[in-house]
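We count residues from 1, following the sequence as given. Both ligands and their constituent atoms are indexed starting at 1 by order of listing. Keep in mind that what you see is a predicted model, and the values were worked out from it rather than measured.
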Amino acid sequence: MFRPLNPKHVFLCFLISFAFFIDPSSLQRLDDAKKKQMREKVREMFYHAYDNYMTYAFPHDELKPLTKSFTDSLSELGNLKLEHLPTDYSGSAVTLVESLSSLAILGNKTEFEKGIHWLSENLTFDIDARVNLFECNIRLLGGLISAHLLAIDPTNRLIQGSYNNQLLRLSEDLGKRFLPAFETPTGLPYAWINLKNGVMENETTETSTSGCGSLILEMGALSRLTGDPRFESAALRALRQLWRMRSSLDLLGTTLDVVTGKWLEYSSSIGAGVDSFYEYLLKAYILFGKEDYWRMFRSAYLASQKYFRHGPWYHEANMWSGKPTYWQLTSLQAFWPGLQVLVGDIAAANSSHREFFHVWERFGVLPERYLLDHQMIHPTEKYYPLRPELAESTFYLYQATKDPWYLDVGETMVKSLNLYTKVAGGFASVRDVTTMQLEDHQHSFFLAETCKYLYLLFDDSFVAKRNYIFTTEGHPIQVMSSWHEKLPESYFSGNWTFSKSGAWESRASALSMQVCPSIAPNSRRPEQHRESACHVPDEKMDHRCWSNKECGVDATTCRQRSCSGVGFCGLWNPL
Ligand code: DMJ
């Protein structure tokens, strides 16, 4: 019997045949056009933020975009009333320092060079200011070192006049002012240091894991550049001490005492207070090639997958028992998929990234803290201070997969940032994502990271030239053979962010380029498909077994599977 065609099916057939006949190169052209257009939008965003900073806030630290004024956040963090500072104190130009590497990536040689000259002539660290060591390290030291390396790289031709290592001298001066913070019985640094006078009397001994575990990239680079080993060894000693304090589950707490070396907060996560500790272990391995960093990272990463991960989400867990503590998504966690790309754990990265992006879509931006168990925003942490982490992961995942969906994600983010946070005087943080009420603060990381990662998503020509690692504040540091203990020479001649196989696919992981050794707990059954970095497939395809030895490691939870009484491998003993 003749049945009229269902219009829905006709449309579907049309779509399918369209998909078959579509020319991949025309899709590529579409992507390229979109990338160009979006790149220009991001450029505009950067300059809107930068020009307003230069007009209304420079040389102070950060811009207050609603009142078109400034804040000296670096010193205010440790001394709200800005006591003891000279009356004419005008900040440390933090936003300018943070913008230098972005200016280089955007190709603005004039402003890059102008910035360097101003800083060489005016910036001083000889100030009676109590600053946070971690923040000062990632923003100022990292910003200066990265800009120095960009300035001396002849391929960039960023400097027209003369450059006499002024930024390196500033970095060295700053690095020396950090050293007294490490003079503790444990080698773990104080969280706060007075730039002029060293550690203050009655200084708090409390710090965070990321506070003492995220110094090695900047301080290591400083030692390599100056030949003074003190910076790298202080940071490394602190990192090793931190690692010695781990629990038998390979978990670390969030806060600790630098004098006693005891943990103060046992709940742990991949988010606030710990995040960049993981990041620096892996990136230190990529930058310096010391086997030690890989060993620490591998164990810490596997433990995080095992005890924090729940499907695509990451909750907190007690470092001693591994039992879940808080079921919360925090905006800072959104950097994790980007880190997983470097490990080669693309599937896990992709699934978490999608969840973060759903939350972004739901609220328009990412709330600082979302309670997974109550499916609601945290009652007080409703803000979005223009954080970069989701843009960062989107950039890495696009590099790894070349899936154009990530470009759409970037486009959505650019639209939301312009819609909700752009004001005449710059970009303002969101105080409450449920009302989109704004706050008078444009954080320097908006220029150092948020705009940079969005720009690199749409135009990656900068990373195509050289192999870089990006510090936790988004400052690029070139991976160089002279600093590296392991990498084959071939690594330095190519780049690892692109590795094209076919028109659509490319992988960006440090793992796929043999930078990192395989992370799987053992090399059993290498020929079988692995779904995540810790995954070890069961011996038999049908998962039948006689003993535990035939069972692998679960791809999602990273837990050992065991053989059940009826002869199947599975996760029979949940935590
Ligand atoms: C940045 O200062 C760094 O990325 C840091 O590691 C934590 N996050 C902020 C921005 O959100």
Side-chain angles (χ1 to χ4, degrees), residues 49 61-63 71 73-74 76-77 92 94-95 97-102 131-146 191 207-219 235 239 254-255 269-284 314 329-339 342 356 359-360 365-370 381-396 413 417 421 427-431 433 439 441-454 456 469-477:
D61 291 345
E62 290 179 317
L63 171 70
T71 161
S73 23
L74 195 73
E76 278 165 18
L77 261 183
S92 303
V94 172
T95 301
V97 175
E98 288 256 76
S99 298
L100 290 177
S101 60
S102 301
V131 301
N132 182 280
L133 181 74
F134 167 80
E135 295 294 346
C136 202
N137 174 62
I138 64 170
R139 298 188 197 216
L140 281 183
L141 188 58
L144 292 170
I145 287 179
S146 170
T207 190
S208 66
T209 299
S210 50
C212 37
S214 328
L215 302 152
I216 190 68
L217 293 181
E218 294 82 357
M219 294 187 71
L239 197 54
T254 304
T255 57
S269 71
I270 57 161
V274 192
D275 48 1
S276 44
F277 158 76
Y278 291 100
E279 183 182 359
Y280 272 36
L281 286 179
L282 179 62
K283 290 183 176 174
Y314 289 83
L329 167 150
T330 58
S331 160
L332 288 171
Q333 296 174 342
F335 88 103
W336 192 254
L339 188 72
L342 291 179
F356 281 110
V359 179
W360 178 289
V365 290
L366 264 191
E368 184 69 359
R369 202 175 282 270
Y370 183 81
E381 294 181 40
K382 299 175 171 187
Y383 47 90
Y384 169 67
L386 306 172
R387 287 199 193 281
E389 286 76 10
L390 189 61
E392 175 182 353
S393 287
T394 309
F395 155 68
Y396 279 107
M413 294 179 73
L417 287 166
T421 69
F427 283 85
S429 300
V430 177
R431 187 188 296 276
V433 303
E439 190 171 335
H441 199 163
Q442 177 184 283
H443 290 270
S444 60
F445 53 67
F446 182 69
L447 292 102
E449 295 190 79
T450 315
C451 290
K452 182 185 282 135
Y453 286 122
L454 286 171
L456 287 171
I469 52 112
F470 288 87
T471 67
T472 192
E473 193 70 0
H475 296 303
I477 300 183

Quiz item: Would you find a donor on one side and an acceptor on the other, under 3.5 Å apart, between the side chain of Ser331 and the backbone of Leu366?
Solution: no

Quiz item: Do side-chain atoms of Tyr453 reach the backbone of Leu456 as a donor and acceptor pair under 3.5 angstrom?
Solution: no

Practice problem: Return the orientation label for the Trp360 and Tyr384 ring planes: parallel under 30°, perpendicular over 60°, tilted otherwise. | Solution: perpendicular

Quiz prompt | N or O pair under 3.5 Å between Glu135 and ligand 1 | solution = no

Quiz item: Would you say Ser276 and ligand 1 have an N/O pair spaced under 3.5 Å apart?
Solution: no

Quiz item: For Glu392, is the nearest heavy atom under 4.0 Å from an atom of ligand 1?
Solution: no

Quiz item: For ligand 1, which atoms have a heavy atom of Leu332 less than 4.0 angstrom away?
Solution: 7 (C), 8 (N), 11 (O)

Exercise. State, yes or no, whether a side-chain contact exists between Phe134 and Ser214 at a heavy-atom distance under 4.5 Å.
Key: yes

Quiz prompt | ring-ring contact (aromatic ring centres under 6.0 Å, His included) between Trp336 and Tyr278, worked out | solution = CA-CA 9 Å; Trp336 192 254; Tyr278 291 100; 5.2 Å; yes

Quiz item: Closest heavy-atom contact between Thr471 and Lys283?
Solution: O-NZ, 4.4 Å

Suppose we measure from [atom] to each protein heavy atom; which comes out shortest, and what is that distance?
| atom | answer |
| --- | --- |
| atom 4 (O) of ligand 1 | Thr472 O, 2.7 Å |
| atom 1 (C) of ligand 1 | Glu473 OE1, 3.0 Å |
| atom 10 (C) of ligand 1 | Glu389 OE2, 3.3 Å |

Quiz item: Is ligand 1 under 4.0 Å from a heavy atom in the side chain of Glu279, in the backbone, in both, or in neither?
Solution: neither

